[in-house]
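All values below come from the heavy atoms of this structure, side chains included, with hydrogens, waters and symmetry mates left out. Lettering follows sequence order; numbering is per chain, from 1.
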2 protein chains.
Amino acid sequence: MTNQLDSFFGAMADPTRRAVIEQLASGPASVSALHAPHKMALPTFMRHLRVLEETGIVRSIKKGRVRTCHIEAAPLIEAQGWLAWQREIWESRLDRLESLTHDIARNEEE
Amino acid sequence: MTNQLDSFFGAMADPTRRAVIEQLASGPASVSALHAPHKMALPTFMRHLRVLEETGIVRSIKKGRVRTCHIEAAPLIEAQGWLAWQREIWESRLDRLESLTHDIARNEEE
DNA sequence: GAATTAGTTAGCCATATCGCTAAGTGTATT
DNA sequence: AATACACTTAGCGATATGGCTAACTAATTC
């Protein structure tokens, strides 16, 4: 993975990891609380968490034997920004195309 | 890959494929035009295109020996929507947390 | 201080992904 | 008719990913 977006999109490509994000969106949670809804073995799940943490989407602090995880905003915002940017270019092009089509239609009416 | 978002994010995780999206955002292009900026072999590149097409991000029509590709809006919009939704939940929670912190601060002042 | 709980480390296996080359198909172009 | 062009198909190899079990560490709880 080369840059921020690579690892971000890579991280979001897995349903388990997206589910973790969804759960964390409504508040911090421990590893076992996050693991509970998923059928997979804990080590397997931990790997998903590590991916999210390495990507900077999730941060965690260990207190005693409990590790508490929470979301980090920046990567989500950056990705959303990229998508919005693409969409902007693409929609403005569609607009131009549409007005062009109108022009053609008008010419044909004459 | 289970659902739309899985394959979408998976597709966007590769820099070559994001570059293709960026190029297509400003207008349709042929396979070779899309391939030109990339150093990889054509078959390798074609695989990336196929991923984008299978995901529904790109569509293409072949006329004569030239295949012309263009962007399809829906998947980008859906993904952006998902991110926006997550962010909304997460930001509203932050707001609640902040007001809670204010309350605590106020209590401590008393 | 023994047992339980919460997470961690190590290592295995199957499949997916990303790169390549070589050779083939069908459409222009000369 | 021969050549060149624009893909396309087939198949290889290396690495990454997502799952597992077994065994371990450290912090509570009884």
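Counting heavy-atom neighbours within 6.0 Å of B:E88 CD, excluding the residue itself, gives a total of 12 or less. Counting heavy atoms of neighbouring residues, nucleotides and ligands inside a 6.0 Å radius, atom CD of A:E78 exceeds 12 of them.
We find that CE of A:M40 is positioned 17 Å from P of C:dT8, with the value rounded to whole Å. If you take CG of A:D14 and C1' of C:dA16, they are 13 Å apart, rounded to a whole angstrom. Computed from coordinates, the A:L42 CG to D:dA22 P distance equals 15 Å when rounded to whole Å. Atom CZ in A:F9 sits about 18 Å away from atom C1' in C:dT17, given to the nearest Å. Remark: P of D:dA6 and CE of B:M46 are 13 Å apart, rounded to the nearest angstrom. Taking atom NE2 of B:H48 as the reference point, atom P of D:dT8 lies 16 Å away to the nearest angstrom. Rounding to whole angstrom units, NE2 of residue A:H35 and C1' of C:dT8 are separated by 14 Å. If you take CD of A:E54 and C1' of D:dA16, they are 13 Å apart, rounded to a whole angstrom.
Taking 3.5 Å as the limit, the base of D:dC7 and the side chain of B:R65 contain no donor-acceptor pair of atoms between them.
For the OP1/OP2 pair of D:dT8 and a distance below 4.0 Å, the side-chain nitrogens and oxygens of B:R67 include at least one atom meeting the criterion. For the OP1/OP2 pair of C:dC20 and a distance below 4.0 Å, the side-chain nitrogens and oxygens of B:T44 include at least one atom meeting the criterion. Between B:K62 and D:dT8 there is a side-chain polar atom (N or O) within less than 4.0 angstrom of OP1 or OP2. Close to C:dT9, at under 4.0 Å from its OP1 or OP2, lies no side-chain N or O of A:R47. Within the structure, every side-chain polar atom (N or O) of B:S32 is placed at least 4.0 Å from both OP1 and OP2 of D:dC5.
Within 4.0 Å of B:R50, counting heavy atoms only, lies no atom of the nucleic acid at all.
The shortest side-chain heavy-atom distance between A:H70 and A:V58 does not fall under the 4.5 Å cut-off. Within the 4.5 Å cutoff, side-chain heavy atoms of B:F9 are placed close to those of B:W82. Annotation: side chain of A:D6 is not in contact with side chain of B:D14 (no heavy-atom distance under 4.5 Å).
For A:P43, the side-chain atoms get nearest to D:dT21 when compared with the rest of C:dA22, D:dA6, D:dT21.
Each of B:A33 and A:G64 has a nearest nucleotide on DNA chain D; the 5'-most of these lies closest to B:A33.
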